[in-house]
Amino acid sequence: MEALYREAILDHYKHPRRKGHLDAPDIQYHDHNPFCGDELTIELKVEDGVVVDAAFDGRGCAISQATASMIMEEIVGLSVDELKTWDKQYILDMLGIEIGPVRLKCALLSLKVLKAGLWGLEEWPE
Amino acid sequence: MEALYREAILDHYKHPRRKGHLDAPDIQYHDHNPFCGDELTIELKVEDGVVVDAAFDGRGCAISQATASMIMEEIVGLSVDELKTWDKQYILDMLGIEIGPVRLKCALLSLKVLKAGLWGLEEWPE
Amino acid sequence: MQATVNDRTTELAAQFPILQREVHGKRLVYLDNAASSQKPTAVLDVMERYYRQSNANVHRGVHTLSEEATTLYEDARVRLAGFINAPSDKQIIFTRGTTEGINLVAHTWGRANLGPGDEVLITQMEHHSNIVPWQILRDQLGFTLRYIPITPLGELDLRELDVLLNARTKLLSFVHASNVLGTVNPVPQLVQAARQVGAKVLIDGAQSVPHMPIDVQELDADFFVFSSHKMCGPTGVGVLYGKRDLLEEMPPFMGGGDMIRSVTMTESRWNTLPYKFEAGTPAIAEVIGLGAAVDFLTDVGMGWIHAHEQMLTRYAYERLSQVEGLRILGPEPEKRGGLIAFTLGDIHPHDISAVLDMDGIAIRAGHHCAQPVHDCYNIAASARASFYLYNTTEDVDLLAESLEKAHKLFG
Amino acid sequence: MQATVNDRTTELAAQFPILQREVHGKRLVYLDNAASSQKPTAVLDVMERYYRQSNANVHRGVHTLSEEATTLYEDARVRLAGFINAPSDKQIIFTRGTTEGINLVAHTWGRANLGPGDEVLITQMEHHSNIVPWQILRDQLGFTLRYIPITPLGELDLRELDVLLNARTKLLSFVHASNVLGTVNPVPQLVQAARQVGAKVLIDGAQSVPHMPIDVQELDADFFVFSSHKMCGPTGVGVLYGKRDLLEEMPPFMGGGDMIRSVTMTESRWNTLPYKFEAGTPAIAEVIGLGAAVDFLTDVGMGWIHAHEQMLTRYAYERLSQVEGLRILGPEPEKRGGLIAFTLGDIHPHDISAVLDMDGIAIRAGHHCAQPVHDCYNIAASARASFYLYNTTEDVDLLAESLEKAHKLFG
Ligand SMILES: Cc1ncc(COP(=O)(O)O)c(C=O)c1O
Ligand SMILES: Cc1ncc(COP(=O)(O)O)c(C=O)c1O
């Protein structure tokens with residue numbers, strides 16, 4: 001089992017960090033994964049190009065929700081420029097598990113929402 | 001080679017019997033085989049339910065044209081009722097060769113035209 | 001009795017090479033048959049033999065290979081006609097699958113017969129393939145699309161049928177057996193109601209043809225569609241059956257080779273049935289493989305397959321009901337085909353499926369291409385175990401145990 | 001030089017099981033490649049392995065089999081993109097074949113962009129699959145369909161191109177290499193002319209992709225279509241390539257699973273490329289087989305294949321010209337792909353083919369789904385020998401000898 005659901009992931013899934021909403025977010029973005037029905041909203045407060053507060057809300061599988069929670073744990077205090085450098089590999093390293101092509105979409109949903117929010121992108125850049 | 005083009009078939013193909021047209025046919029029918037482009041017209045003069053004169057015209061492969069010519073050799077003097085009993089097997093016996101499913105259409109074009117002419121059918125009865 | 005059935009099943013399973021494989025070190029327990037079934041050696045061998053001995057394009061060739069390919073291809077059509085008791089093999093049109101079958105009817109019969117003021121009636125338990133084509137067409141032609149609702153128990157709610165199905169209804173299109181709820185719908189009642197208002201009937205047989213004896217004449221459907229890959233056949237092929245007079249008067253779908261009688265620069269004339277609807281080089285090897293699948297299923301016996309799945313479903317329904325937090329969607333076992341969709345507490349179906357996969361168990365998780373039915377139950381997705389002739393009660397036991405494990409892990 | 005080429009060919013031929021078979025007691029000489037090619041063991045094995053090890057429905061499954069199937073399926077798409085140098089694999093849409101590809105463009109781009117006053121320009125040497133879809137659509141939408149005529153030598157007659165291709169022309173759709181005349185059409189000239197009037201360009205690559213290196217970016221086509229079964233791949237699959245912005249803005253073709261992002265009872269939203277155009281369960285095994293065919297062809301070398309066929313065609317052109325009564329359709333060898341259609345005195349092509357078949361030689365006879373080009377020459381049908389990587393000059397010699405026999409028999 002550990003291969004996919006290691007303890008840390010289950011912990012983030014069961015006890016999500018910063019789940020909820022901000023009062024007046026500077027950036028808010030929502031998206032979903034049509035194949036799984038995973039839903040995710042990320043909200044950020046940004047001051048001088050640095051994230052000062054963050055929250056996420058959503059529902060979906062453990063992978064998608066745990067990833068969002070893990071990102072929340074890291075994000076506050078980082079600059080938007082730094083966040084823009086996060087890529088697929090960064091997220092996979094954070095998760096620390098092997099993931100197949102189908103579940104990859106679950107793992108990357110947070111990143112997709114985050115980048116779309118930061119860049120105002122409609123679609124995932126290739 | 002004999003398997004498909006026995007002497008009699010080549011003879012009918014090279015020297016078709018009753019090829020041409022009648023002056024005032026009682027029955028005239030034309031059809032073609034879309035896969036091969038075989039064309040065939042059969043014309044009959046009928047008196048008291050008996051074929052008294054016949055002709056065919058057409059172009060196409062040796063099988064289709066030789067079959068038409070062979071039919072011409074038999075048809076005069078027969079009653080329409082008798083002609084209506086001719087079936088696929090009758091034609092194949094007349095040809096006296098083994099024939100695959102694709103060329104079958106060539107062999108049966110004459111019969112199709114004949115029956116359509118006799119019965120006024122639009123389509124091949126199953 | 002269960003023991004004997006399982007014996008025969010084990011013997012049958014041995015004919016499916018993939019069932020010999022392991023997943024994560026465990027024997028593969030394949031319970032995703034509603035998505036796609038596995039293929040027996042008999043089917044694979046026939047296709048292999050075709051490619052190694054007779055491969056050529058069909059219909060237009062005079063040489064030996066082409067004649068052989070044509071004979072094999074057309075023989076499969078005859079076999080398919082026999083399998084569903086179609087009056088003639090000319091009424092068997094090969095498509096890519098159920099989806100293309102429904103789209104074909106929409107694009108041809110639909111375009112010729114539907115307009116503003118008309119209604120098409122489907123149900124809330126349709127697969128997307130029987131919803132989206134009608135939505136697309138509705139937006140182009142301006143007819144109204146209506147849905148028969150479903151009861152909390154997952155059956156069609158027919159109380160308002162006489163309002164929903166009315167003189168404006170030109171087509172009633174519904175799923176024979178639901179791929180989510182398992183529900184087998186009451187065809188005679190629905191067809192009779194449609195006849196009374198003069199509506200045509202399309203039946204989506206994707207989940208019925210693989211699992212029970214089907215007689216299209218008895219069902220009296222105007223159109224009936226299904227997919228090869230769910231019935232031991234290859235991917236890339238399916239069947240549209242239609243009543244002859246309807247097929248005759250319908251315009252063609254795609255244009256190209258084989259579907260024409262003659263082509264000039266100004267106009268074309270259509271070929272006769274079934275070729276009018278089969279433009280271009282067809283899925284030759286796949287059709288031949290489907291023919292072999294039909295032979296295989298007939299040998300096994302569609303009656304036996306149905307009985308076997310009924311037994312498994314009853315067994316699974318009981319066993320799964322005992323799993324803590326598990327909620328089964330759809331009606332009691334007697335009213336359903338061989339599949340059970342369920343939720344397990346709040347655990348996302350993808351997580352359930354992923355946990356089961358570690359035990360070698362393949363189930364499906366998601367909306368199963370049927371979002372509206374999930375909307376009815378206010379859930380985004382479900383997990384689904386679906387059975388076929390090679391599954392055993394032991395497979396069900398393994399499923400239940402693994403589900404209990406999942407419940408503990410995420411609980 | 002011919003000897004070495006034949007050596008490599010013999011080695012390649014050994015990889016095609018069917019070429020080991022006999023027909024009427026003679027070695028099979030397969031010269032019907034333009035209708036459908038034979039399949040190497042490498043392709044058959046990949047499909048067999050898929051069915052024996054990884055068969056499952058794609059995209060929607062979380063279990064191991066489904067993930068494996070999805071990976072294999074999507075990997076094939078990447079390989080196809082590479083093979084024709086598409087900018088992205090999202091521009092590779094799997095169809096049943098060339099015919100479905102053209103019909104897809106007609107039903108989506110065509111329906112959205114064509115109306116009265118508009119013109120679609122095709123050529124007189126098109127396969128029916130690039131004529132009939134436009135005739136059907138013309139009759140529905142009321143645009144005008146025009147044809148570029150051909151010269152007596154079988155090339156496009158471009159003298160009036162600036163009249164035929166004008167400000168009203170919305171689409172120029174033409175065959176890259178003719179399946180009857182062999183003519184390889186001047187893509188750069190035609191595309192440039194189309195660009196000048198703002199017309200889109202569709203290229204039918206059914207007879208070019210299997211036989212020469214193709215770079216869709218260099219050709220600069222808006223749409224490009226081809227079939228798997230003519231390029232060592234299985235039946236039941238083909239490819240539509242399109243420019244990204246066009247594909248993005250086109251409405252979908254068929255409705256169903258996989259092509260949607262969400263479905264509610266009132267409306268649906270489409271999935272992104274390429275899935276928007278792939279409704280329903282795709283031809284999974286066939287796509288994977290096509291991917292293997294592309295690997296095989298790449299290993300052999302498309303440049304080598306082209307050169308080999310050029311050599312064979314030159315050789316055959318000369319050898320066949322010596323056969324009494326034989327008349328070759330189309331231009332000189334330098335201007336054509338690896339096929340030669342011909343007539344032999346007054347002998348009906350079906351009779352020619354039947355006689356050759358007794359010698360184990362498979363050629364095609366008929367109108368090759370291209371009646372208008374035959375009408376140009378005032379003939380109903382022709383015989384056609386078409387080459388591929390496994391054919392040798394010996395095959396050509398056997399062909400010529402058998403044709404001489406046929407001429408004597410019917411003479
Ligand atoms: C030039 C050309 N276009 C289109 C086609 C149609 O291809 P398919 O039958 O695979 O759809 C063919 C082959 O039959 C062809 O040669
Ligand atoms: C009830 C039902 N209808 C239609 C389909 C679509 O079949 P296919 O994807 O083979 O076209 C399916 C299966 O996915 C199904 O279960």
Side-chain angles (χ1 to χ4, degrees), chain C residues 17-18 21 23 32 35-36 38-39 44 48 51-53 55-57 60-65 96-97 99-100 103 128-129 131-133 135-136 147 227 229 234-237 254-257 260 262-263 265 267-268 279-281 283-286 350 353-354 357 362 364-366 369 371-372, chain D residues 17-18 21 23 32 35-36 38-39 44 48 51-53 55-57 60-65 96-97 99-100 103 128-129 131-133 135-136 147 227 229 234-237 254-257 260 262-263 265 267-268 279-281 283-286 350 353-354 357 362 364-366 369 371-372:
Chain C
I18 205 171
R21 91 164 252 187
V23 167
D32 192 18
S36 202
Q38 296 305 339
K39 326 299 175 201
L44 301 182
E48 183 85 10
Y51 278 129
R52 287 172 173 266
Q53 291 185 11
N55 174 69
N57 214 326
R60 287 162 290 185
V62 171
H63 57 80
T64 298
L65 259 46
R96 182 168 40 242
T99 302
E100 190 186 4
N103 278 277
H128 292 164
S129 59
I131 302 175
V132 186
Q135 289 182 340
I136 294 179
Y147 295 78
S227 300
H229 68 97
T235 50
V237 63
M254 301 197 208
I260 51 89
S262 65
V263 173
M265 282 168 57
E267 59 165 14
S268 300
T281 304
I284 306 170
E286 294 70 26
H350 282 175
S353 175
D357 186 55
R364 182 112 326 205
C369 290
Q371 283 184 353
Chain D
I18 204 170
R21 91 164 253 187
V23 168
D32 191 19
S36 202
Q38 297 304 338
K39 326 299 175 201
L44 300 182
E48 183 85 8
Y51 279 129
R52 288 172 172 266
Q53 292 184 11
N55 175 69
N57 214 325
R60 287 162 290 184
V62 171
H63 58 79
T64 298
L65 259 46
R96 181 167 42 243
T99 303
E100 190 185 4
N103 278 276
H128 292 164
S129 60
I131 302 175
V132 186
Q135 289 182 340
I136 293 179
Y147 295 78
S227 301
H229 68 97
T235 50
V237 63
M254 301 198 208
I260 52 89
S262 65
V263 174
M265 282 167 58
E267 59 164 14
S268 300
T281 304
I284 306 170
E286 293 71 26
H350 282 174
S353 176
D357 186 56
R364 183 111 326 205
C369 291
Q371 284 185 352

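Chain identifiers are assigned alphabetically (A, B, ...) following the order of the sequence lines, protein sequences preceding nucleic acid strands; residue numbering begins at 1 within each chain. Only heavy atoms go into these numbers, but all of them, side chains included; no hydrogens, no water, no symmetry mates.
Here D/Gly255 is the residue among D/Pro133, D/Gly97, D/Gly255 with the most heavy-atom pairs under 4.5 Å with chain C. With respect to chain D, the highest number of heavy-atom pairs below 4.5 Å among C/Gly256, C/Ser353, C/Ala279 belongs to C/Gly256. The candidate from D/Ile136, D/Ile284, D/Ile131, D/Asn57 with the greatest count of non-hydrogen atom pairs under 4.5 Å with chain C is D/Asn57. Contacts with chain C were tallied for D/Ser36, D/Pro17, D/Ala56, D/Gly280; D/Pro17 has the most, counting heavy-atom pairs under 4.5 Å. Across D/Val62, D/Asn55, D/Thr99, the residue that shares the most heavy-atom pairs under 4.5 angstrom with chain C is D/Asn55. Interface check for chain C: of the options D/Val237, D/Val23, D/Asp32, D/Thr281, the most heavy-atom pairs under 4.5 Å are formed by D/Thr281. By number of non-hydrogen pairs under 4.5 angstrom with chain C, the leading residue of D/His229, D/Glu267, D/His128 is D/His128.
Looking only at distances, a side-chain donor or acceptor of D/Thr235 sits under 3.5 Å from a matching main-chain atom of C/Ala285. In this structure, the side chain of C/Tyr51 does not engage the main chain of D/Leu44 through any donor-acceptor pair within 3.5 Å. Remark: the backbone N or O of C/Met265 is not paired with any side-chain donor or acceptor of D/Gln371 at under 3.5 angstrom.
Contact check on C/Glu100 versus D/Arg96 returns a salt bridge, with a Lys/Arg side-chain nitrogen under 4.0 Å from an Asp/Glu carboxylate oxygen.
Both the backbone and the side chain of D/Ser262 have a heavy atom closer than 4.5 Å to some heavy atom of chain C. Looking at D/Gln38, the atoms closer than 4.5 Å to chain C (heavy atoms on both sides) sit in the backbone and in the side chain alike. Using a 4.5 Å cut-off between heavy atoms, D/Val263 touches chain C through backbone and side chain atoms alike.
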Problem set entry | Verdict with reasoning, C/Arg364 to D/His63, per side-chain contact (heavy atoms from CB on, under 4.5 Å) | CA-CA 7 Å; C/Arg364 182 112 326 205; D/His63 58 79; 3.8 Å; yes
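Side-chain contact between D/Leu65 and C/Ile18 is present, with at least one heavy-atom pair separated by less than 4.5 Å.
Distance check: D/Cys369 SG to C/Ile260 CD1 gives 6.5 Å after rounding to the nearest 0.5 Å.
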